[in-house]
Amino acid sequence: MSLRFIGDIGVYFPDRDAIRITALSGDAPVDCYAMRSALAEIGCPPRGSLHRLIEEFEDRRRIIELAAMVKY
């Protein structure tokens, strides 16, 4: 079953140092996390403000969603 992403913006979770986006697999919600270290690997700045990190995440959201679909 494939994922269908919902929501407008990623949400940062400091305890994981990651941004979460939510998808649906059928009717079941699936939380997908992109850790800061993974974001740095695709060109997001590893340091800097949280606001900037979320902006960079949103700029690359399509490739992050694709990676989540492949992994799932």
Side-chain angles (χ1 to χ4, degrees):
M1 193 172 292
S2 65
L3 295 176
R4 184 171 44 101
F5 291 90
I6 58 176
D8 294 332
I9 192 164
V11 177
Y12 180 73
F13 283 78
D15 60 319
R16 292 181 179 228
D17 196 24
I19 297 175
R20 183 189 79 192
I21 53 178
T22 302
L24 293 176
S25 177
D27 291 334
V30 177
D31 290 333
C32 302
Y33 291 90
M35 296 180 66
R36 186 185 300 258
S37 59
L39 295 172
E41 290 295 321
I42 60 170
C44 294
R47 303 271 187 253
S49 73
L50 178 57
H51 178 74
R52 173 71 184 212
L53 181 67
I54 291 173
E55 282 181 346
E56 294 285 340
F57 169 86
E58 291 298 334
D59 287 347
R60 293 164 175 81
R61 186 174 177 137
R62 286 286 179 218
I63 61 171
I64 294 165
E65 288 177 355
L66 179 60
M69 285 190 280
V70 169
K71 183 172 175 139
Y72 186 75

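Minimum interatomic distance between S25 and V30 (heavy atoms only, all atoms of both residues): CB-CG2, 3.9 Å. The shortest heavy-atom contact between R60 and G43 is NH2-O, 3.3 Å.
Of the possible donor and acceptor atoms, one in the side chain of E58 sits under 3.5 Å from a partner among the backbone N and O of G10.
Side-chain atoms of I21 and R61, non-hydrogen and from C-beta on, do get closer than 4.5 Å to each other. Counting only heavy atoms from C-beta outward, the side chains of F5 and C32 approach each other to under 4.5 Å. With contacts defined as side-chain heavy-atom distances shorter than 4.5 Å, the pair Y12/H51 does not qualify. A 4.5 Å side-chain heavy-atom check between I42 and I64 finds at least one atom pair inside the cut-off.
The OG atom of S49 sits 9.0 Å away from atom CD1 of I54, with the distance rounded to the nearest 0.5 Å.
Surrounding CZ of R20 are more than 12 heavy atoms belonging to other residues, nucleotides or ligands, all under 6.0 Å away.
Among residues two or more places apart in sequence or in another chain, the salt bridge (Lys or Arg N to Asp or Glu O under 4.0 Å) test is passed with R16 by none.
Hydrophobic cluster membership is shared by I9 and L39, with clusters built from Ile, Leu, Val, Met, Phe, Trp and Tyr side chains linked at under 4.5 angstrom. Connection of F13 to L53 is not established within any shared hydrophobic cluster, with ILVMFWY side chains joined at heavy-atom distances below 4.5 Å, either directly or through further cluster members. Criterion: ILVMFWY side-chain heavy atoms under 4.5 Å apart, direct or through other members. Under it, I19 and L66 are part of a common hydrophobic cluster.
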